[in-house]
Amino acid sequence: MSHPELPKIAIATGDPAGIGPEVSLKAALDAGVRALARPIVVGDAGAIRRHAAAARLEARLHVISEPRDATFADGAVDVLDVPFAGSAALAFGVNDAAYGRATLASAARAIAAARADEVDAVVAAPHNQTSIAAAGIAFDGYPTFVARETGMNHHDVFLMLCFGDTRIVHCTLHVGVAQALALITRERIGRTIRAADAALRRIGIAQPRICVSGLNPHAGEGGLFGTEEIDTIAPAIGDARAAGIAVEGPFGADTMLARNDVDAFVVMLHDQGHIAAKLLARNQSAAFAIGSPILFSSVAHGSAFDIAGKGIASPAAMIEAITRLAAVAP
């Protein structure tokens, strides 16, 4: 039996056709996870059973309809059931609108539990963008989804990738580059810096130090390669400094991440942060939604349709996310 003082962490199972249910179960069964937290897997119980059988996981599922019914018994996994139409015909490794709806339904149920203080934090398994789009749902990543589900402005929740002692916060995320350029304003950069500072303080860093990247090569090289650094990014950094935040920049994104004397990096574009994370911590990065009223993380890898149902998916990133959440959960 798990210790009653350990934080309760809801694990939303992600796309049921991908590896999400498998890595969710593996993480919930992990001895290290159970020493740190009380996991509740959230998703369609039938789909989770299919994955357990396919992966040959010896998991006794305790299916519940409310988080309060979880027992956290040894050898069992509490499953908060979120049924979806079509579960009985689940096919691994394929796109389907039903699977897109199921992905976000499990995440929404887990977030609702966190908002109601029924769990202390949420971690979400990988989604599949194509299946969500097939369902006709506007979705550009978990941070904006968390914002909507918690009643916040979607501009005020940001992604922070974490691996080792490195933390990378993104000013823009899953949008086309042309749209991202339009979004990079002095105001938005300022909000990103403030969210990063607040998140660092929340995890116990009393005096955070933050570096901010440029947008252009070599941070614009003094205006030779673009003037966004001069016109937009530097003024935003100045605003943050005036508010008492210890922040430097802008720096070239290709060299900034080599620094080891700061607590977080703020980057302008998705690839400025994700390439580094996926190169340096392959399938082991936790992706936090910062700025929201709940503790929420996802994992920085995809739904891996090519290995779904084969039992070989690694839960390392999921375990990393749960470990980080458990360290800061109430």
Side-chain angles (χ1 to χ4, degrees), residues 7-28 30 33 37 39-44 47-48 51 67 77-82 84 99-115 118-132 135 137 139-150 152 154 157-162 170 173-174 274 277 283-304 308 313-326 328-329:
K8 296 178 184 178
I9 297 183
I11 306 173
T13 49
D15 192 297
I19 63 170
E22 178 184 334
V23 297
S24 298
L25 276 175
K26 286 179 175 178
D30 182 78
V33 165
I40 301 174
V41 175
V42 183
D44 182 278
I48 292 168
H51 278 270
V77 175
D78 291 292
V79 175
L80 181 57
D81 192 18
V82 185
F84 73 91
Y99 304 157
R101 287 189 289 270
T103 300
L104 297 187
S106 64
R109 182 66 183 90
I111 291 168
R115 294 191 71 192
E118 296 170 328
V119 299
D120 299 298
V122 176
V123 59
H127 64 278
N128 184 280
Q129 197 78 35
T130 301
S131 290
I132 294 173
I137 301 171
F139 180 84
D140 62 1
Y142 278 123
T144 53
F145 181 76
V146 171
R148 289 192 294 270
E149 292 295 311
T150 56
M152 294 189 64
H154 69 278
V157 179
F158 301 91
L159 182 78
M160 181 168 72
L161 286 181
C162 301
H170 294 69
L173 197 57
H174 295 119
H274 276 66
N283 294 337
Q284 295 182 7
S285 297
F288 286 87
I290 64 171
S292 80
I294 67 167
L295 289 170
F296 182 98
S297 179
S298 55
V299 292
H301 64 72
S303 48
S314 170
M318 182 68 75
I319 292 171
E320 173 72 11
I322 294 170
T323 300
R324 288 180 181 268
L325 284 171
V328 297

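Since this is a predicted model, take the numbers as computed values, not measurements. The first residue in the sequence is number 1, and the count goes up from there.
The minimum heavy-atom distance between Phe296 and Ala124, with the atom names listed, is CZ-CB, 3.7 Å. Shown here for Ala321 and Ser298, the closest heavy-atom pair between the two residues is CB-O, 4.1 Å. Across all their heavy atoms, Gly43 and Val79 have their closest contact at O-CG1, 4.1 Å. Between Ala147 and His154, the shortest heavy-atom contact is CB-CA, 3.6 Å. For Ala114 against Val122, the heavy-atom pair with the smallest separation is CB-CG2, 3.8 Å. The nearest pair of heavy atoms linking Met152 to Gly291 is CE-O, 3.1 Å.
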Show the numbers, then the answer: is there a side-chain contact (heavy atoms from CB on, under 4.5 Å) between Leu295 and Asp120?
CA-CA 7 Å; Leu295 289 170; Asp120 299 298; 6.0 Å; no
For Arg324 and Ser297, what are the C-alpha separation, side-chain angles and deciding distance, and is it a side-chain contact (heavy atoms from CB on, under 4.5 Å)?
CA-CA 9 Å; Arg324 288 180 181 268; Ser297 179; over 6 Å; no
Test side-chain contact (heavy atoms from CB on, under 4.5 Å) on His301 and Ile19 and set out the steps.
CA-CA 10 Å; His301 64 72; Ile19 63 170; 3.7 Å; yes
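We find the OG-CD1 distance between Ser24 and Ile40 to be 13.0 Å, quoted to the nearest 0.5 Å. Here the straight-line distance linking atom CZ of Arg101 with atom OG of Ser106 works out to 13.5 Å at 0.5 Å rounding. Remark: Glu320 CD to Leu325 CG distance equals 10.0 Å, nearest 0.5 Å. One distance of note links CZ of Phe139 with OG1 of Thr144; it measures 6.5 Å at 0.5 Å rounding. Between the OG1 atom of Thr103 and the OH atom of Tyr142 there is a distance of 6.0 Å, given to the nearest 0.5 Å. From Asn128, atom CG reaches atom OG of Ser303 across 4.0 Å, with rounding to the nearest 0.5 Å.
Side-chain contact check for Arg109 versus Pro67: some heavy-atom pair is nearer than 4.5 Å. Looking at Ile111 and Arg115, their side chains come closer than 4.5 Å, going by heavy atoms from C-beta outward. Residues Leu161 and His170 are in side-chain contact: their nearest non-hydrogen atoms beyond the backbone lie under 4.5 Å apart. The closest side-chain heavy-atom distance from Val299 to Pro126 is below 4.5 Å. Within the 4.5 Å cutoff, the side chain of Pro315 has no heavy atoms near those of the Asp30 side chain. Put simply, the side chain of His127 does not reach to within 4.5 Å of the side chain of Leu104, judged on heavy atoms. Looking only at side-chain heavy atoms (C-beta outward), Pro143 and Phe158 stay at 4.5 Å or farther from each other. The side-chain heavy atoms of Leu173 and His274, taken from C-beta on, include a pair separated by under 4.5 Å.
For the pair Lys26 (side chain) and Met318 (backbone), a donor-acceptor distance under 3.5 Å is absent. With His51 contributing its side chain and Pro16 its backbone, the two residues share a donor-acceptor pair below 3.5 Å.
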